[in-house]
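Below is one structure, written out as structure tokens, with a few remarks after it.
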Amino acid sequence: MIDNLGDQNPRVVSNVLEALGELVKVGRTNVIEHVKELLPYIIETLQDQSSSTKRETALRTLGNLIQHTGYVIEPFLEYIFNKIVLYRS
């Protein structure tokens with residue numbers, strides 16, 4: 001499923017993200033093992049200007065991921081804080 005996150009078709013990526021968002025709700029313990037692998041794809045999709053549908057789905061998926069796994073501080077520090085520091089440098 002993760003391999004399809006790099007697909008060129010925005011509908012495929014949106015559907016995969018939607019499925020992952022739902023899986024997080026029911027299979028929290030299984031998905032948490034893959035958070036570090038999934039998060040870069042989700043963040044990248046949030047920044048993709050080619051499809052608003054993909055961005056919206058990525059945002060919902062990120063919300064589900066945070067809500068159901070409690071994975072909050074580490075992604076902020078790793079992905080957002082580091083970009084702020086690099087931007088100001």
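No experiment lies behind these values; they were computed from the predicted model shown. We're numbering straight along the sequence, starting at 1. Reckoned from all heavy atoms, side chains included, excluding hydrogens, waters and symmetry mates.
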Between [atom1] on residue [X] and [atom2] on residue [Y], distance to nearest 0.5 Å:
{"X": "L23", "Y": "H68", "atom1": "CG", "atom2": "NE2", "result": "11.5 Å"}
{"X": "I42", "Y": "L62", "atom1": "CD1", "atom2": "CG", "result": "6.0 Å"}
{"X": "L20", "Y": "N64", "atom1": "CG", "atom2": "CG", "result": "10.5 Å"}
{"X": "R28", "Y": "L65", "atom1": "CZ", "atom2": "CG", "result": "11.0 Å"}

> Hey, does the side chain of T61 reach the backbone of L17 with a donor-acceptor pair shorter than 3.5 angstrom?
Replying inline: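 Yes: the side chain of T61 pairs with the backbone of L17.
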> Any side-chain hydrogen bond (donor to acceptor under 3.5 Å, both in side chains) pairs touching residues 9-22, not counting sequence neighbours?
Replying inline: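 Those involving residues 9-22 are E18-R60, E22-K25.
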> salt bridge (Lys or Arg N to Asp or Glu O under 4.0 Å): which pairs involve residues 40-49, sequence neighbours left out?
Replying inline: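 Found D48-K54.
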>> So, using side-chain contact (heavy atoms from CB on, under 4.5 Å) as the criterion, who are the partners of I2 when residues are at least two apart?
In response: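 Residues passing side-chain contact (heavy atoms from CB on, under 4.5 Å) with I2: L5, E37, L38, Y41.
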>> I'd like to check the side-chain contact (heavy atoms from CB on, under 4.5 Å) partners of Q49; sequence neighbours left out, ordered by chain and number.
In response: R55
> So do V13 and N4 actually touch side chain to side chain, heavy atoms under 4.5 Å?
Replying inline: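 N4 does not reach V13 side chain to side chain.
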